[in-house]
Amino acid sequence: MIRMQGLTPEFEKANPDIKITWVTLEENILRQRITTDIATRGGQFDIMTIGNYEVPIWSQKEWLAPLENLGADYDVDDLLPPIRNALSTNGKLYAAPFYGESVFTIYRRDLMEKAGLTMPGRPTFDFLMEVAAKLSDTSTGVYGICLRGKPGWGENMAFIGNLARSYGGNYFDANWKPQFDSDPWKKAVGNYVKVMQEHGPPGAAGNGFTENLALFAQGKCGLWVDATANASFVSNPKESTVADKVAFTQAPCGIENCPNGGANWLWSWSLAIPASSQKKEAAEKFISWATDRKYQELVAGRDGWSNVPPGSRTSLYENPKYMEAAPFAAETLRAMNAADPSSGPDKPYVGLQFAAIPEFAGIGTAVGQQIASALAGTQTVEQALAASQAQATRDMTRAGYIK
């Protein structure tokens with residue numbers, strides 16, 4: 001998004017009748033502001049940065065304008081199928097992906113070699129806990145592991161919900177009963193809190209995606225499990241002090257052969273137009289520019305192919321220049337194609353690291369606060385999950401899911 005903002009003058013030069021004004025917000029505040037604005041039809045924004053959690057909910061409420069005039073050269077069929085499907089309702093595209101992501105394990109290859117360790121193709125979380133203990137070195141300021149701790153349904157719960165799923169847990173069972181007091185959740189959260197308290201950075205309950213990215217880029221993390229979109233930053237010598245020491249592998253399973261569809265998540269930061277916008281034509285023109293293949297070439301020309309926004313277009317992964325420049329490309333594509341957010345017999349909702357229902361944002365954030373409290377040591381994991389179960393059960397009953 002920072003690169004897009006920096007390249008905006010190129011769009012304005014080609015479209016002198018359109019002026020772009022950016023509003024940049026921290027992730028949790030962004031979600032609050034745009035949700036309030038679009039629900040009240042406030043009209044404050046003509047383009048919103050949203051994800052595949054909001055699109056199916058907001059499009060059904062007719063809060064979003066369908067993207068039907070992206071231009072003759074805009075190849076909608078080139079969008080990666082998992083992402084295109086997640087951003088469409090009844091065959092209509094309601095948001096265009098700026099980039100897409102799944103999750104993988106990023107680690108320091110040099111520290112692994114020094115410790116005499118070999119990273120498997122798909123590690124278990126138990127193995128990563130062992131690795132974190134061996135890579136942790138307070139004398140050099142290296143923390144064994146960095147994981148999201150900042151509360152928020154899209155912050156710490158993106159990782160924790162995904163980890164619980166890899167232990168066999170879901171957010172809700174087939175009858176919409178919350179599952180936070182189940183054994184998979186107890187194991188996942190218990191191990192997460194244990195390894196972070198013992199081998200994570202101080203103040204981890206305040207660290208989200210951005211803070212962990214900075215820590216890893218500064219050489220202070222032995223390993224980090226997070227979005228595949230991080231890869232271009234941590235492997236860029238202009239932005240990372242450990243760019244030549246980084247390697248990638250799959251996200252960890254809680255147990256061997258992850259149940260419930262594996263350990264991948266699926267997300268896309270995308271650009272959408274609120275139905276309240278009075279400048280839909282200009283907004284759609286900018287969205288087309290910012291998410292088209294030509295934009296990728298623009299970024300490549302300025303910053304190199306490895307810094308092109310990943311995970312949105314099939315053609316990018318058929319481009320030999322990108323595949324050669326981006327050592328993380330094949331692992332990113334594999335992770336995204338393996339992510340299946342569909343519902344099933346034991347999972348009544350669509351979504352992997354989130355549940356695509358309106359109530360999830362509130363529930364996820366409340367649970368995230370409880371788990372952050374456990375991470376900070378102000379309550380036990382058992383207390384945090386018991387409180388989470390009680391709160392989520394009340395909310396789901398009040399909303400009519402539980403009879």
Seminar exercise, completed: Those residues at least two apart in sequence (or on a different chain) that pass side chain to side chain contact (heavy atoms under 4.5 Å, CB included) with Thr8 are Glu12, Ile20, Trp22, Phe286
Exercise. Should Lys280 and Ile273 count as side-chain neighbours, where that means a heavy-atom distance under 4.5 Å?
Worked result: yes
For this session: Taking only Lys NZ, Arg NE, NH1 and NH2, and the carboxylate oxygens of Asp or Glu, determine whether Glu359 and Arg398 approach each other closer than 4.0 Å.
Result: no
For this session: Heavy atoms only: give me the nearest Leu271-Ala290 pair and the separation to one decimal.
Result: CD1-CB, 4.0 Å
For this session: Report yes or no: does Glu239 contribute a side-chain atom to a donor-acceptor pair with the main-chain N or O of Ala217 at less than 3.5 Å?
Result: no
Problem set entry | For Ile402 against Pro178, the heavy-atom pair lying closest together | CD1-CD, 3.8 Å
Problem set entry | Gap separating the CZ atom of Phe248 from the CD1 atom of Ile106, nearest 0.5 angstrom | 6.0 Å
For this session: Locate the shortest heavy-atom distance separating Thr228 from Gly100; write the atom from each residue and the value.
Result: OG1-O, 4.5 Å
Problem set entry | Nearest atoms (heavy-atom pairs only) where Ala86 meets Asn52 | CB-CB, 3.7 Å
Exercise. Can you check whether Pro81's main-chain N or O pairs, donor with acceptor, with Asn85's side chain at less than 3.5 Å?
Worked result: yes
Exercise. So Trp289 and Phe11, ring-ring contact (aromatic ring centres under 6.0 Å, His included) or not? Walk me through it.
Worked result: CA-CA 7 Å; Trp289 172 82; Phe11 172 81; 5.5 Å; yes
Exercise. If you draw a 6.0 Å radius around CG in Asn90, do more than 12 non-hydrogen atoms from other residues or ligands fall strictly inside?
Worked result: no
Problem set entry | Heavy-atom check, side chain of Pro201 versus side chain of Cys146, under 4.5 Å | yes
For this session: Would you sort out whether Asp173 and Asp346 count as a side-chain contact (heavy atoms from CB on, under 4.5 Å), showing the intermediate values?
Result: CA-CA 6 Å; Asp173 69 10; Asp346 62 342; over 6 Å; no
Exercise. Would you say the side chains of Tyr143 and Asp137 form a donor-acceptor pair under 3.5 Å?
Worked result: no
For this session: Please determine if Lys294 and Glu297 form a salt bridge, counting it only when a charged side-chain N lies under 4.0 Å from a carboxylate O.
Result: no
Exercise. More than 12 foreign heavy atoms under 6.0 Å from CD of Glu68: is that the case here?
Worked result: yes
For this session: Could you tell me if the ring centre of Trp267 sits under 6.0 Å from that of Tyr99?
Result: no
For this session: Answer yes or no on whether Lys61 is positioned over the face of Trp58, meaning its NZ or CZ is under 6.0 Å from the six-membered ring centre and within 45° of the axis.
Result: no
Exercise. Are more than 12 heavy atoms from other residues, nucleotides or ligands located less than 6.0 Å from atom NZ of Lys177?
Worked result: no
For this session: For the pair Tyr349 and Tyr171, name the ring-plane relationship: parallel under 30°, tilted 30 to 60°, perpendicular over 60°.
Result: tilted
Problem set entry | Heavy-atom check, side chain of Glu26 versus side chain of Lys150, under 4.5 Å | yes
Exercise. Does the side chain of Leu385 reach to within under 4.5 Å of the side chain of Asp181, using non-hydrogen atoms?
Worked result: no
Problem set entry | Phe180 and Trp185 aromatic centres sub-6.0 Å | yes
For this session: Measure across Gln391 and Ala366 and return the closest heavy-atom pair with its distance rounded to 0.1 Å.
Result: CG-CB, 4.3 Å
Exercise. Does the side chain of Tyr295 come within less than 4.5 Å of Phe98's, by heavy atoms?
Worked result: yes
For this session: Look at the aromatic rings of Phe354 and Tyr53 and report parallel, tilted or perpendicular, splitting at 30° and 60°.
Result: perpendicular
Problem set entry | Six-ring centre of Trp265, Arg165 cation under 6.0 angstrom, axis tolerance 45° | no
Problem set entry | Test: Glu198 and Lys194 ion pair at under 4.0 Å | yes
Exercise. Under 3.5 Å, side chain of Ser166 to main-chain N/O of Gly254, donor-acceptor pair present?
Worked result: yes
Exercise. Would you say the side chains of Asp126 and Thr124 form a donor-acceptor pair under 3.5 Å?
Worked result: no
For this session: Quick one: do Glu54 and Arg31 satisfy salt bridge (Lys or Arg N to Asp or Glu O under 4.0 Å)? Show the steps, please.
Result: CA-CA 10 Å; Glu54 291 91 354; Arg31 296 184 192 281; 3.5 Å; yes
Problem set entry | Which atom of Pro309 lies closest to which atom of Gln296, heavy atoms considered | O-NE2, 4.0 Å
For this session: Could you tell me whether the side chain of Ser270 reaches within less than 4.5 Å of the side chain of Val55, counting heavy atoms only?
Result: no
Exercise. In terms of ring plane angle, is the pair Tyr192 and Phe159 parallel, tilted or perpendicular, where the classes change at 30° and 60°?
Worked result: tilted
For this session: Find out whether Lys134 and Met112 are in side-chain contact, i.e. whether some heavy atom of one side chain is under 4.5 Å from a heavy atom of the other.
Result: no
Problem set entry | side-chain contact (heavy atoms from CB on, under 4.5 Å) assessment of Asp395 paired with Tyr401 | CA-CA 9 Å; Asp395 290 350; Tyr401 290 85; over 6 Å; no
Problem set entry | Euclidean distance, Leu30 CG relative to Thr24 OG1, rounded to 0.5 Å | 9.5 Å
For this session: Kindly confirm or rule out a cation-pi arrangement of Lys92 over Tyr94, judged by NZ or CZ under 6.0 Å from the six-membered ring centre and within 45° of its axis?
Result: no
For this session: State yes or no: are the ring centers of Trp224 and Tyr107 separated by less than 6.0 Å?
Result: no
Exercise. Can you tell me if Asn15 uses its side chain to pair, donor with acceptor, with the backbone of Ile18 under 3.5 Å?
Worked result: no
Problem set entry | Axial cation check for Tyr74 ring with Arg313, 6.0 Å and 45° limits | yes
Problem set entry | Side chain Ser136, main chain Ala132, donor-acceptor under 3.5 Å | no
Problem set entry | Main-chain N/O of Leu80 paired with Ser312 side-chain donor or acceptor, under 3.5 Å | no
Exercise. Do any N or O atoms from the side chain of Ser182 and from the backbone of Gln179 form a donor-acceptor pair under 3.5 angstrom?
Worked result: yes
Problem set entry | Ion pair Lys186/Glu382, N-O distance below 4.0 Å | no
Problem set entry | Short side-chain donor-acceptor distance under 3.5 Å, Arg3 and Asn307 | yes
Exercise. If we only count heavy atoms from C-beta on, is the Arg41 to Trp63 side-chain gap below 4.5 Å?
Worked result: yes
Exercise. Is the backbone N or O of Val246 less than 3.5 Å from a side-chain atom of Arg109, with the two atoms forming a donor-acceptor pair by type?
Worked result: yes
For this session: Would you indicate whether Glu324, at its atom CD, is surrounded by more than 12 heavy atoms from other residues, nucleotides or ligands within a distance under 6.0 Å?
Result: no
Problem set entry | Stepwise side-chain contact (heavy atoms from CB on, under 4.5 Å) test for Thr241 and Phe216 | CA-CA 9 Å; Thr241 63; Phe216 196 97; over 6 Å; no
